[in-house]
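Lettering follows sequence order; numbering is per chain, from 1.
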Number of protein chains: 2
Amino acid sequence: MADHQSLSIHCQSCSFSHLCLPVSLKKSELESLDDIIERKKPLHKHDKLVSAGQPFNTLYAVRSGSFKSYISDKDGVEQITGFHFPGDIIGFDALKDQVHQSYSKALETAMVCELPYDTLEVVSERYPALRKQIMKFMSAEIKHDHELMMLLSKRSAEERLLHFISHLSQRFDERGYSARQFNLSMTRNEIGNYLGLTVETISRLLTRFQKEDLIKVDGKLITILDLDGVKQRMPESEISYTALG
Amino acid sequence: MADHQSLSIHCQSCSFSHLCLPVSLKKSELESLDDIIERKKPLHKHDKLVSAGQPFNTLYAVRSGSFKSYISDKDGVEQITGFHFPGDIIGFDALKDQVHQSYSKALETAMVCELPYDTLEVVSERYPALRKQIMKFMSAEIKHDHELMMLLSKRSAEERLLHFISHLSQRFDERGYSARQFNLSMTRNEIGNYLGLTVETISRLLTRFQKEDLIKVDGKLITILDLDGVKQRMPESEISYTALG
DNA sequence: CGCGCCTTTGAGAGAGTTCAACTAACGTGG
DNA sequence: CCACGTTAGTTGAACTCTCTCAAAGGCGCG
């Protein structure tokens, strides 16, 4: 079962394990985790990983590519609740009722590791460190959501987008990619949806930031020219940590 | 230790246990939980229960009264992230770094049950149901936060306030209070802060809702005159459950 | 290679904010 | 227990940031 489509890939050799569930696990714990993980076929752009209403069976860890998660109301209005990159875990909102509450869609070709929840529970009974790690991920998601509330509720369009760019930069950095130059896997529309703004506002702001020599925009490719400038014009959260977050 | 300021109060006799951690626990599990809980002295209006930056030692369950939780940036701008009523758990955002990320302040005279986290972890090792319950609470908070994002990002002032009133009504109902008439323990300012609106807008809307015979407003006392009307004018979430949420 | 989606840019409109003034309720100390 | 200072709430008028509507160009996917 564990070798189903495994492609001989393991947490031990995964370059994002320092950001993912394996963080702080000992070797024996890591091997147990590795045993229960199933690697799925790649997803293509626009493929749905999960849909709201589906029964919850497994959490997913992003292995490559990126995803958006969003909720939807009865009129079809959507709200993107997060973008996910390698190492991120998807599906925590489904734990309460064992039913998925949101949709997750691939923004580009992507791969995930499947973490069957029943098995995860059994294993975490033996390894408290794993359980703690899962709860830390959930806690981090709550913290992120609170910061987004502040952004949506109190910040101007400019501050929201600068925060978004700066946060993306930081996440790419953590993953070993360039903090200064990266490709947006999401559309302007999706950025706007996430930040509570319209496409037009995002477009206008990107143009303005470019005129102000803060960034360079070439379609999906963003180059940050003045990282300090970006951070200066963006309100800081009260509690900050130098290295780890 | 367990009898420290216990006032002979137990989960078994608590009228909010159906909403709190005890949900779905068996008798023996409940007794173990009861043993580790410490009941604290009452807090008064404006007393801080926790502050951002404090080391995290315990979760809190609201026993009576109400609280607001909020984050704050370096300029002192605050964002209320939630209001808490009896049965609610406070402190999940602190699990990640073992440091509180937000403030919680009593909105009126209130009491809490202290859930020392180290002990909670030891006990939940023996009782998986307790562990599951904690994770379900965290999952519910994530879901709530996502719905608030949708509210802040996509809804008009009118829809936000109607949602707020309707949600309060539902929570009072769950707690055995009237769903039709209740006192707001928070100020107009705090409602506005939570919903990403100004005091003036909240005040104007409440006046308008009253003129439209949706509600009656007498200072802090709200009477819902047309509950169906309130719900009709407020967008529904896609996934709804008849009884439990 | 063509059609659809994404992006950009402009002009006008509007929902909610800001500023201001006033009143009401609160609580604190004399 | 009253007086006073402070905080909470209401209402009006002007403003502004962002949205909406519109139109055109460009990229990319099939």
Between protein and nucleotides 26-30 of chain D, what N or O pairs are separated by less than 3.5 Å?
none

Which pairs pass ring pair (Phe, Tyr, Trp, His ring centres under 6.0 Å) with one or both residues in residues 188-230 of chain B, sequence neighbours excluded?
B:F83-B:Y194, B:F164-B:Y194
How bent is the helix from C:dC1-D:dG30 to C:dG30-D:dC1, comparing axes over its five end pairs at each side, to the nearest 10°?
60°
With B:R180, which residues qualify under salt bridge (Lys or Arg N to Asp or Glu O under 4.0 Å), at least two apart?
none
Tell me the interatomic distance from B:L205, atom CG, to D:dG9, atom C1', rounded to whole angstroms.
14 Å
Sorted by chain and residue number, the salt bridge (Lys or Arg N to Asp or Glu O under 4.0 Å) partners of A:R155 (sequence neighbours excluded) come out as B:D73
Can you pull out every salt bridge (charged side-chain N to carboxylate O under 4.0 Å, His left out) where at least one residue sits in residues 215-229 of chain A? Sequence neighbours excluded, please.
none
Residue pairs passing the ring pair (Phe, Tyr, Trp, His ring centres under 6.0 Å) test with at least one member in residues 58-78 of chain A, sequence neighbours excluded, are A:Y70-A:Y103
Residues pairing under salt bridge (charged side-chain N to carboxylate O under 4.0 Å, His left out) where one sits in residues 104-115 of chain A, two or more places apart or in two chains, turn out to be A:K40-A:E114
Shorter than 3.5 Å, N or O on both sides, protein versus nucleotides 14-23 of chain C: list them out with atom names.
{"residue": "C:dG16", "atom": "OP1", "partner": "B:A157", "partner atom": "N", "Å": "2.6"}
{"residue": "C:dT17", "atom": "OP1", "partner": "B:T198", "partner atom": "N", "Å": "3.4"}
{"residue": "C:dT17", "atom": "OP2", "partner": "B:T198", "partner atom": "N", "Å": "3.4"}
{"residue": "C:dT17", "atom": "OP2", "partner": "B:T198", "partner atom": "OG1", "Å": "2.9"}
{"residue": "C:dT17", "atom": "OP2", "partner": "B:T201", "partner atom": "OG1", "Å": "2.2"}
{"residue": "C:dT18", "atom": "O4", "partner": "B:R204", "partner atom": "NH2", "Å": "3.0"}
{"residue": "C:dC19", "atom": "N4", "partner": "B:E200", "partner atom": "OE2", "Å": "3.0"}

Spacing of A:I202 atom CD1 relative to D:dT18 atom C1', expressed in whole Å
11 Å
Chi angles and distances behind the ring-ring contact (aromatic ring centres under 6.0 Å, His included) call for B:F85, B:F172
CA-CA 9 Å; B:F85 295 97; B:F172 284 123; 5.4 Å; yes
With respect to the side chain of A:T207, which nucleotide from C:dT7, C:dT9, D:dT10 is positioned closest?
C:dT9
Tell me the interatomic distance from B:N193, atom CG, to D:dG9, atom P, rounded to whole angstroms.
13 Å
Specify the separation, in whole Å, of atom CE of A:M186 and atom C1' of C:dT7.
16 Å
Select base, sugar-phosphate, or nothing to describe what A:S203 touches, counting heavy atoms under 4.0 Å on all strands.
base
Applying salt bridge (Lys or Arg N to Asp or Glu O under 4.0 Å) to B:K68 and not counting sequence neighbours gives B:E190
In this structure, how many angstroms lie between the P atom of D:dC17 and the CG atom of A:L161, rounded?
17 Å
Partner residues of B:E212 under the salt bridge (Lys or Arg N to Asp or Glu O under 4.0 Å) criterion, sequence neighbours left out:
B:R208, B:R233
Residues which pass side-chain hydrogen bond (donor to acceptor under 3.5 Å, both in side chains) with B:R204, listed by chain and number, not counting sequence neighbours
none
Strictly below 4.0 Å: does B:K220 bring a side-chain N or O up to OP1 or OP2 of D:dG9?
yes
Look at the side chain of B:H146 and the backbone N and O of A:Q79, then say whether any donor-acceptor pair between them is shorter than 3.5 Å.
no
